[in-house]
Amino acid sequence: DANSTQISLSGLVPETIYHKYEDNYSHHEAFTTDINGSYVYMQDVSLPHTVFIQTRPSTKFIRNDATGGDCYSIGNWQPLNRTCTLTIDLNETIQIDSDGITIDGDGHSLSGGNTGNGIFVSNRTDVTIKNLYIRNFSVGIMLLSSYSNVLINNNIESNYGVYLLHSQDNTINGNYISSKKGIGVNVRDSTNNTISNNEISNNASGLFLSYYANYNTIKDNNVAHNSFGVYLTHFSSHNTVLRNNILENDNVGFYCYNQSNDNVVYNNNFILNRIQASSVNNALCNVFNLALPNGGNFWSNWVAPDIDADGIVDKPWVFYGGQDNLPWTRKDGWLLSDQIAPTSTISLLGTKGSNGWY
């Protein structure tokens with residue numbers, strides 16, 4: 001029942017100025033740590049708040065007014081279509097303060113100090129972010145409680161590439177996303193988003209869906225050289241994973257965990273992942289093939305026999321927690337699916353068989 005609480009921060013650099021923001025970059029407070037690298041303050045808890053701390057204070061605000069907010073100082077503002085086109089590289093955060101704004105990086109870079117957000121979008125709709133090179137932030141692009149926004153043709157290298165939180169109906173298309181040790185695309189408690197045609201490589205997790213991340217579509221992506229390719233957990237259900245190349249991931253290509261049910265995974269190429277797929281801890285009722293001519297997935301270590309030469313392996317692919325009843329014998333086998341007569345076969349659950357985890 002308290003309206004406030006005391007927050008104690010530690011582990012910071014001693015006697016150093018930091019910058020605390022609450023909910024967005026307009027609510028700024030500078031503070032200095034003590035000789036032990038600590039700071040104590042009172043926090044309102046009567047309502048939910050998002051608090052983040054950075055080493056740099058500077059932020060550019062883009063809004064729909066005569067100058068585009070701070071656009072006049074960093075680019076060209078086109079008021080008719082609400083577009084800010086950058087003309088310089090930046091070393092700070094950009095916050096979007098109006099709906100319907102377009103940020104066109106025009107190939108320019110946005111560089112951070114490994115804290116904070118590159119682009120911060122909170123409670124906004126119809127925002128487009130494109131043609132930016134974003135690097136060295138905690139989060140490259142953050143969408144918080146935002147709807148119907150588009151992220152296209154960006155190169156993002158940050159601890160989290162893209163983070164969707166409480167957001168829906170957004171499109172992430174045609175981006176290169178690499179976090180090295182973090183998460184490429186993090187979707188948390190967000191629905192009906194489309195993640196397509198991206199290169200998502202060299203992350204701890206390529207795509208990570210958690211805490212009721214439902215009814216999202218993941219399609220036509222190249223998900224390679226991550227620890228986990230696609231990871232669904234904590235009640236993330238009714239998602240569609242379609243036509244992705246999921247290859248050479250160090251741990252698991254597709255991992256479904258902790259009651260993430262009723263996801264549909266078909267027409268994907270699973271190539272040389274250490275563990276191709278696994279579905280554990282009550283992650284049930286995930287479908288790994290549809291009836292022909294859609295079929296199942298291509299598994300690089302399950303391509304024969306095909307005695308009737310119909311392009312479908314004659315035996316189901318069984319892995320821990322599931323099975324694919326119509327595995328393709330070749331990469332992109334579904335592109336020839338018009339040559340195969342439809343059947344009523346539908347996949348569902350399996351158990352761990354002789355193929356073990358594979």
Side-chain angles (χ1 to χ4, degrees), residues 21 23-28 50 52 56-112 116-135 137 139-158 161-177 185 187 190-199 216-217 219-220:
Y21 299 89
D23 299 330
N24 61 59
Y25 283 86
S26 299
H27 303 142
H28 169 239
T50 300
F52 39 96
R56 297 178 179 179
S58 183
T59 305
K60 298 299 183 185
F61 300 90
I62 307 301
R63 62 180 64 93
N64 184 26
D65 62 17
T67 63
D70 290 324
C71 182
Y72 75 93
S73 67
I74 60 175
N76 295 320
W77 174 244
Q78 298 171 292
L80 290 180
N81 56 13
R82 303 181 185 181
T83 298
C84 180
T85 303
L86 297 189
T87 56
I88 60 172
D89 297 336
L90 292 174
N91 295 309
E92 54 193 296
T93 296
I94 294 177
Q95 176 169 303
I96 309 300
D97 275 349
S98 299
D99 296 337
I101 296 290
T102 294
I103 293 289
D104 185 348
D106 195 28
H108 287 286
S109 65
L110 196 62
S111 301
N117 304 281
I119 302 282
F120 185 73
V121 182
S122 177
N123 291 285
R124 297 293 165 218
T125 187
D126 296 321
V127 169
T128 298
I129 302 166
K130 63 181 182 178
N131 304 326
L132 267 169
Y133 181 21
I134 303 172
R135 59 186 177 186
F137 290 92
V139 179
I141 299 176
M142 176 73 171
L143 301 185
L144 174 63
S145 301
S146 294
Y147 309 91
S148 301
N149 304 289
V150 176
L151 282 54
I152 185 169
N153 196 32
N154 299 288
N155 187 311
I156 307 170
E157 298 180 7
S158 293
V162 176
Y163 195 166
L164 306 184
L165 179 60
H166 314 313
S167 297
Q168 67 185 43
D169 299 314
N170 300 287
T171 299
I172 303 171
N173 181 266
N175 303 278
Y176 173 80
I177 302 170
V185 179
V187 182
S190 297
T191 60
N192 292 313
N193 300 286
T194 299
I195 303 165
S196 60
N197 297 295
N198 301 284
E199 174 74 30
N216 299 286
T217 299
K219 65 178 182 178
D220 300 312

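- Panel note: side chain T125, backbone Y147; a donor-acceptor pair is recorded below 3.5 Å.
- Remark: the backbone N or O of Y133 is not paired with any side-chain donor or acceptor of S109 at under 3.5 angstrom.
- The backbone N or O of S26 sits less than 3.5 Å from a side-chain atom of N24, completing a donor-acceptor pair.
- Between the side chain of N64 and the backbone N or O of S98 there is no donor-acceptor pair closer than 3.5 Å.
- A donor-acceptor pair is defined here as one N or O able to donate and one able to accept, closer than 3.5 Å; no such pair exists between the side chain of N175 and the backbone of I177.
- Separation of atoms CG (N76) and SG (C71) is listed at 7.0 Å; rounding is to 0.5 Å.
- Taking CG from N216 and CD from Q168, the interatomic distance works out to 10.0 Å, rounded to the nearest 0.5 Å.
- Among all heavy-atom pairs drawn from S145 and S167, the shortest one is N-OG, 3.1 Å.
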Report task. Applying side-chain contact (heavy atoms from CB on, under 4.5 Å), run through M142 and V121 and close with a yes or a no. Result -> CA-CA 6 Å; M142 176 73 171; V121 182; over 6 Å; no
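- With rounding to the nearest 0.5 angstrom, the CD1 atom of I62 is 7.5 Å from the CG atom of L86.
- Of the listed residues (L132, N197, N131), just one forms a side chain to side chain contact (heavy atoms under 4.5 Å, CB included) with N153, and that residue is N131.
- Under the 6.0 Å cut-off for aromatic ring centres, Y21 and H27 do not qualify, their centroids lying 6.0 Å or more apart.
- Not a single donor-acceptor pair under 3.5 Å links the side chain of T171 to the backbone N or O of N193.
- No side-chain heavy atom of V185 sits less than 4.5 Å from a side-chain heavy atom of N198.
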Requested in this report: Decide side-chain contact (heavy atoms from CB on, under 4.5 Å) for V187 and I195; before the verdict, give the C-alpha distance in whole Å, the side-chain angles of both, and the deciding distance to 0.1 Å.
Outcome: CA-CA 10 Å; V187 182; I195 303 165; 3.9 Å; yes
Query raised in the report: Under the side-chain contact (heavy atoms from CB on, under 4.5 Å) criterion, do T93 and Y25 qualify, and how do the steps go?
Result: CA-CA 9 Å; T93 296; Y25 283 86; 3.7 Å; yes
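- Sequence neighbours left out, the pairs with a member in residues 89-105 that pass salt bridge (charged side-chain N to carboxylate O under 4.0 Å, His left out) are R63-D97, D99-R124.
- A heavy-atom distance below 4.5 Å is found between the side chains of L144 and T50.
- Side-chain contact between I156 and I141: present, with at least one pair of heavy atoms (C-beta onward) separated by less than 4.5 Å.
- Without hydrogens or angle criteria, N170 side chain to N149 main chain gives a donor-acceptor distance under 3.5 Å.
- Each of I103, T83, V150, T102 was compared with K130 under the side chain to side chain contact (heavy atoms under 4.5 Å, CB included) criterion, and only T102 meets it.
- The backbone N or O of Y176 lies less than 3.5 Å from no partner atom in the side chain of N154, so there is not a single donor-acceptor pair.
- Taking the six-membered ring for Trp and the full ring otherwise, the centers of F52 and F120 sit less than 6.0 Å from each other.
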Requested in this report: Applying side-chain contact (heavy atoms from CB on, under 4.5 Å), run through T194 and D169 and close with a yes or a no.
Outcome: CA-CA 7 Å; T194 299; D169 299 314; over 6 Å; no
Report task. Would you check, one step at a time, whether the test side chain to side chain donor-acceptor pair (under 3.5 Å) holds for D106 with T85? Result -> CA-CA 7 Å; D106 195 28; T85 303; over 6 Å; no
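- The two atoms that bring W77 and I101 nearest to each other are CH2-CD1, 3.7 Å, heavy atoms only.
- A side-chain donor-acceptor contact under 3.5 Å links S73 to the backbone of D70.
- A donor-acceptor distance shorter than 3.5 angstrom exists from the side chain of S190 to the backbone of H166, with no hydrogens or angles considered.
- The CG atom of L90 sits 5.5 Å away from atom CG of L110, with the distance rounded to the nearest 0.5 Å.
- We find the CD1-CD1 distance between I134 and I129 to be 7.0 Å, quoted to the nearest 0.5 Å.
- Taking 4.5 Å as the limit, every side-chain heavy atom of T59 sits out of range of all side-chain heavy atoms of I94.
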